[in-house]
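Letters A, B, ... are given to chains in the order of the sequence lines, protein chains preceding strands, and every chain is numbered from 1.
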Amino acid sequence: MRRSLALVWRTLRSMRTALVLLLLLALASIAGSLVPQAANSPEAVAAMARDHPLRAELYARLGLFDVYGSWWFTLIYTLLLLSLAACLLPRTRALVRNLRTRPQPAREVDGFRHHAAVPVGASPAEAVAAARRLLRRRRFRLSAPDGGAALAADKGLAREAGSLLFHWSFFLLLVGVAWGKGTGFTGFAVIVEGQAWTEAHANYDGNLREGTFFGEDHTGIRIRVRDFEDRYLPDGQPTDFVTRADLLSPDGTLLERVDIRVNQPAEVGGLRVYQYGYGWAPVLEVRRDGQLLAQAPIPFQQDPPPRGVSPLSLPWRGALKLPSLSPQLGVELDLWPDARGLVGLLAGRPIPMTEARDPVLLFRVYRGDLHAERVQRSADLDTRDMRQIAAGALGLGRTVDLETGEEVEPDAPGLTMTFAGLRRYTVLQVSRDRGLGLVLGAAILMLVGLLPALFSSRRRLFLRADPAPGGAVVRVGGFALQHADRFEEEFRRLVEELGRAGGPIRESAGVGAG
Amino acid sequence: MTTIGWSGVSTTAFSIALFAYLAAMLGYFHHLAFRRRAVVLAASAVAWAGLLAHLVSVVARGLAAGRVPWGNMYEYSSLLSLLTVAGYLGYVELRHGLRQVGGFVLMFAVVTMAIAVELLYVGPAPLVPALNSYWLKIHVVAAIVGSSLFALGGVLTILYLVQEARERRAAVAPPPIMGGAVDVEAPPDHAGSPDEPVGGGTGRRGVLPPTAALDRLAYRTIAFAFPIWTFAVIAGAIWAQRAWGRYWGWDPKETWSFVTWTIFAGYLHARSTVGWKGRRAAVLALVGFVSLLVTYYVVNLWIVGLHSYAGV
């Protein structure tokens, strides 16, 4: 048991293991970029389940529709973390040990890759002292002064330190990503102009994406949308989307008034709120014999447009469901925010409908069973067990009789529907990620560590001065562990300066390399 | 000058640059085959002139659009090839004198620019809101600089692999009979001619610089590019956090830039690992270069994600 544990540790400790795991992580993420992911493109996953049920089943079993949340991705990730730590711990210990000890002089200096002998006028002790001053100025670390005529120096521990900083920061970054995603969540809030929305699980539109360790601690903060505005160039290219909102604490006190734009999120109570989408919400009123039955803005939706068609030139889709009537009644609705858009599309020349201008609702009334007990999208009407009874078009402020499709007065007898107003709604993305600061800090430290790790080099010098007629001979040896070609030049210059520092005697420096 | 005017200046200068690069490329290749010093000097001059025209094109494009000139794939490609050529002329040729590489680098630039102008061209226009952020400017600039250096490193790596295979064959077999025309005709002492300051060891190994020079230069370029690429990914994540509410969402672009980063990280490690130096490390760098091309072209044009360029 202990032996196999030791084997596992040894394997994890090797740099090769860490590299292989990193490359495996890359391979796994490639898989995730080629197979549609349920989180990013649910339609593509549904389409595959429909067209290739067997393949889809296999993919689902292998977790290929949710690569980044699959057990094997998590496994690679965790092993990478372990392996990184296992690689880095011994290296860090060695660096600390290295920092604590000073370089040790060598007995022979001629055996190194670069070596030279310089005759100087000073005595051996003076020559070593001068070399010591020179090398300290050049930021070399020096051996302890022992009064003798030998000296050792080194430089470039920043390389290993930077490398370790880079790798530890990468480790921290991976931890921060896992922690932030694990304890956070992301969801979407659909809010019509003039309405307020409370941050709570049930109020999110569609599925809330939650981390494994998210504790359901929602804030209860309220977002009241004053208005939403979008601006476009004449050709329909958008230039600005802005939601103007009040942020309220759970007890209703105003915390802040904010403009939320693309690229300009709002922050409140540990949450970040982003502009994500928008749409039209016609206000519909339903009356029976002039008595108001229901009144609400209904957020309409848009299907993804065909390639090359601007969504701005297409209508918005919605449904009005009246399950309390018997038999039940449902209305399919198409909204054209700009009546010219309808005409343009019919004429084959679609125009972008960037603002409300004589908006038109096309409606089709169905009677029968709504199947309201089934899960369905709010904009979809399940018309399998329904029969169409009326259809028509409805302008803003007008009323129709739902039985006949004829336009009537608002207080007319029978069941009527009024197109009472047209508002915008905004879609906000709300998310919490507590790992943000850690991840950002780690990313910056990675960069800081990377520069010395790549561009500095570890160099070591050994020097001794022996008495010679008229002064001393300074012998220098040294080598660089990286960038050896650049060191050659540095070594030559150092030797020259050492000669000058030791005072003149004769100008026949025996500089030689290799 | 009006916007239309600047736009015209930009496209004209772009064409001039493209043809200058093409001519210079032919000149460099001619020099590879026939070793005429006058030709390579002319090629170099034409390439510099092309670079100047290219710079004019990019600046005029920015003036025409009223913003930084790296907002879509056409502009990105243009700036990418500009920086690659500049990196070659300023670093590889001026500093290290490896003129034999010139034709191949210019070939990369010419192909990139031809694709840009033929397939990716769009007129100058303001940016959509999601792209309108100073982090975008920082992120994209870093990505372009990093990519151009990786591209330069990629070209050098390919030549390294070619040359390495030759040297290996030459080491195994006696001097070749086939394909040796240039080798045989090359003057024996041309290794030290002023024409090829660093190509010292080319000797009879063929027309390319020796592997040691190519290897060192490829490594330096990639090592220089790596922190820039790292920064580009980080800046992209910061921008994504602001624009989309999450710094990392495994969008195809994010995924592939991570893959590219990983492969080059592997390359840098491999260089310092015994047994992985030389050819194996170079193959890894080549894989990284391919991954870079996938990150740019395939992800933008074929895989649907947040970085897709609608309508291009």
Is it the side chain or the backbone of [X] that comes within 4.5 Å of chain B heavy atoms, both, or neither?
X        : result
A/Phe170 : side chain
A/Phe166 : side chain
A/Ile30  : both
A/Val439 : side chain
A/Ser431 : side chain
A/Leu27  : neither
A/Leu19  : side chain

Could you give the distance from [atom1] ([X]) to [atom2] ([Y]), rounded to the nearest 0.5 Å?
X        : Y        : atom1 : atom2 : answer
A/Gln482 : B/Arg271 : CD    : CZ    : 11.5 Å
A/Leu21  : B/Thr262 : CG    : OG1   : 12.0 Å
A/Ile444 : B/Ile234 : CD1   : CD1   : 7.5 Å
A/Gln37  : B/Thr255 : CD    : OG1   : 8.5 Å
A/Arg16  : B/His269 : CZ    : NE2   : 12.5 Å
B/Tyr247 : A/Lys181 : OH    : NZ    : 4.5 Å

Answer yes or no: does atom [atom1] of [X] have more than 12 heavy-atom neighbours from other residues, nucleotides or ligands under 6.0 Å?
X        : atom1 : result
A/Arg458 : CZ    : yes
B/Arg220 : CZ    : yes
A/Tyr276 : OH    : no
B/Glu118 : CD    : no

*Please report the closest heavy-atom contact between B/Arg242 and A/Pro265, naming both atoms and the distance.*
O-CD, 3.7 Å
*By a 4.5 Å heavy-atom criterion (distance strictly below it), what part of B/Phe258 contacts chain A: side chain, backbone, both, or neither?*
side chain
*Test side chain to side chain contact (heavy atoms under 4.5 Å, CB included) on B/Thr230 and A/Leu447 and set out the steps.*
CA-CA 7 Å; B/Thr230 310; A/Leu447 273 177; 4.1 Å; yes
*Indicate yes or no: at least one non-hydrogen side-chain atom of B/Pro227 is less than 4.5 angstrom from one of A/Phe455.*
yes
*Are the side chains of B/Phe224 and A/Leu454 in touch, meaning some heavy atoms are under 4.5 Å apart?*
no
*Could you check which of A/Ser29, A/Gly180, A/Ala453 has the highest count of heavy-atom pairs closer than 4.5 Å to chain B?*
A/Ser29
_Out of A/Val67, A/Leu451, A/Leu450, A/Asp433, return the one with the most heavy atom pairs under 4.5 angstrom to chain B._
A/Leu450
*Check: A/Tyr68 ring centroid to B/Trp248 ring centroid under 6.0 Å*: no
_Any donor-acceptor pair under 3.5 Å linking the side-chain atoms of B/Trp250 with those of A/Ser33?_
no
*Donor-acceptor pair, A/Tyr274 side chain versus B/Gln241 backbone, under 3.5 Å?*
yes
